[in-house]
Amino acid sequence: MTAATGGTNPVVLITGAGQGIGAAITRRFAEQGAKLALVDVNAEQLKQLTDSLKDYDVEILPLSADVSNKEQVGQLVRQVVEKFGRIDVLINNAGIIRDNLISNISEQDWDQVLDVNLKGAFLCCQAVFPTLKTQRYGKIVNIVSRAWLGSIGQANYTASKGGLVSLTRSLALEFARFQINVNAVAPGAIDSPMTQGLPAEARERLIRMQPTGKMGKVEDIAAAVAFLASDDSEFITGQVLHVDGGKSCGLLSL
Ligand SMILES: NC(=O)c1ccc[n+]([C@@H]2O[C@H](COP(=O)([O-])OP(=O)(O)OC[C@H]3O[C@@H](n4cnc5c(N)ncnc54)[C@H](O)[C@@H]3O)[C@@H](O)[C@H]2O)c1
């Protein structure tokens, strides 16, 4: 597996970089010497992450912004281009959950999840497109979820991630002629602050449901993202790479 090759030190824009999977993706690209534009709505987390990267000799542009806000997304993309002159890789990773059975999903919980997970990725793809098109080069990786296939108690989340799979496939077709690849990584249950926040019983049930009997690591997702952001995947576009220990293959039966 080689590093992303939008030049020697690719410019990589990562949303939801502050913790969990986003922070692992950030570390992975830092190891490769990338120039990093790190976006998170939580400024404090972003600061902690940036401080933790001091040992890597890489340029970092921390950007505190909400990906569901069109104005903020436009502004942050302008800042990235101003500082680095180009964008090679966009990782749409920012995501939230507001789990509930359908009868208990409030309109607000529906809107928030769709706004961050789906509209946020749309806004970022739209905002970087003119730059990628001019370059005739770009890699977009959308972080979806194994749950896009269906999951009880997550109708808002699965709809957002299913929508993001469709967005990935459509943009792959629209952007192919400009040498821009658009792919998705679908994590299964991953040990991150998102799943650490679940009630203990729900977390144990989740682990029991895994074919491997354990959760994946944030680094497992970062490795798949690195592949799809590299030129080793040049002829792969519009695809969903499940990184889920086999969970998407079917039900576990005794
Ligand atoms: N952890 C899992 O098991 C799992 C499984 C499947 C998919 N995913 C997906 O992976 C991605 C990362 O998940 P995670 O587990 O690291 O989650 P996390 O909650 O640990 O981290 C998400 C990050 O996104 C940031 N964020 C939230 N809303 C934002 C917004 N509007 N604008 C900018 N930043 C925002 C948060 O501040 C946080 O730093 C998400 O898209 C999630 O849906 C996670």
Side-chain angles (χ1 to χ4, degrees), residues 1-40 42-43 45-65 67 73 76-94 121 124-125 127-143 175 178-185 187 190 192 216-237 241 243:
M1 199 177 290
T2 60
T5 52
T8 325
N9 306 101
V11 177
V12 183
L13 169 54
I14 304 166
T15 73
Q19 65 174 24
I21 291 171
I25 295 169
T26 298
R27 285 191 295 273
R28 176 91 193 199
F29 281 107
E31 282 160 14
Q32 295 178 359
K35 294 172 182 164
L36 299 167
L38 306 177
V39 180
D40 207 287
N42 186 328
Q45 257 167 224
L46 202 53
K47 189 182 174 318
Q48 282 176 20
L49 175 72
T50 308
D51 289 348
S52 77
L53 295 170
K54 277 200 186 106
D55 288 347
Y56 297 98
D57 187 21
V58 289
E59 285 182 74
I60 300 171
L61 176 62
L63 298 153
S64 176
V67 294
V73 169
L76 78 86
V77 168
R78 279 193 295 279
Q79 284 176 264
V80 179
V81 175
E82 218 172 273
K83 180 168 173 68
F84 294 125
R86 58 183 290 129
I87 298 172
D88 296 296
V89 180
L90 164 66
I91 315 294
N92 283 308
N93 166 76
C124 291
C125 288
V128 301
F129 176 56
T131 304
L132 272 46
K133 185 180 167 193
T134 305
Q135 295 169 178
R136 289 290 191 278
Y137 183 89
K139 307 278 184 186
I140 298 176
V141 183
N142 295 320
I143 307 301
F175 292 179
F178 307 115
Q179 288 79 55
I180 301 167
N181 302 57
V182 189
N183 288 291
V185 170
I190 302 297
S192 79
K217 305 184 297 297
V218 289
E219 291 79 13
D220 296 327
I221 305 307
V225 169
F227 167 62
L228 290 173
S230 78
D231 290 334
D232 283 348
S233 58
E234 191 183 340
F235 204 51
I236 301 174
T237 196
L241 176 53
V243 183

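Computation of the quantities below employed the complete heavy-atom set of this structure, encompassing side-chain atoms and omitting hydrogens, waters and symmetry-equivalent molecules.
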For Lys217, what residues pass the salt bridge (Lys or Arg N to Asp or Glu O under 4.0 Å) criterion, not counting sequence neighbours?
-> Asp220
What residues form a salt bridge (Lys or Arg N to Asp or Glu O under 4.0 Å) with Asp51, not counting sequence neighbours?
-> Lys47, Lys54
Of all residues at least two apart in sequence or in a different chain, which pass the side-chain hydrogen bond (donor to acceptor under 3.5 Å, both in side chains) check with [X]?
{"X": "Asn142", "result": "Asn92, Thr168"}
{"X": "Gln135", "result": "none"}
{"X": "Glu234", "result": "none"}

Name all residues meeting the ring pair (Phe, Tyr, Trp, His ring centres under 6.0 Å) criterion together with Phe175; count only those two or more places apart in sequence or in a different chain, and write none if there are none.
-> Phe129
Shortest non-hydrogen contact from [X] to [Y]?
{"X": "Val218", "Y": "Ile190", "result": "N-CG2, 3.7 Å"}
{"X": "Asn181", "Y": "Thr237", "result": "CA-OG1, 3.5 Å"}
{"X": "Ala229", "Y": "Val141", "result": "N-CG2, 4.3 Å"}
{"X": "Gln79", "Y": "Leu61", "result": "O-CD2, 3.8 Å"}

Between [X] (side chain) and [Y] (backbone), is there a donor-acceptor pair under 3.5 Å?
{"X": "Asp40", "Y": "Gly18", "value": "yes"}
{"X": "Ser233", "Y": "Phe227", "value": "yes"}
{"X": "Asn93", "Y": "Gly16", "value": "yes"}

So do the side chains of [X] and [Y] get within less than 4.5 Å of each other, counting heavy atoms only?
{"X": "Val58", "Y": "Leu36", "value": "yes"}
{"X": "Thr26", "Y": "Ile91", "value": "no"}
{"X": "Lys83", "Y": "Glu59", "value": "yes"}

Yes or no on side-chain contact (heavy atoms from CB on, under 4.5 Å) for Val225 and Ile21, after CA distance, side-chain angles and deciding distance?
-> CA-CA 10 Å; Val225 169; Ile21 291 171; over 6 Å; no
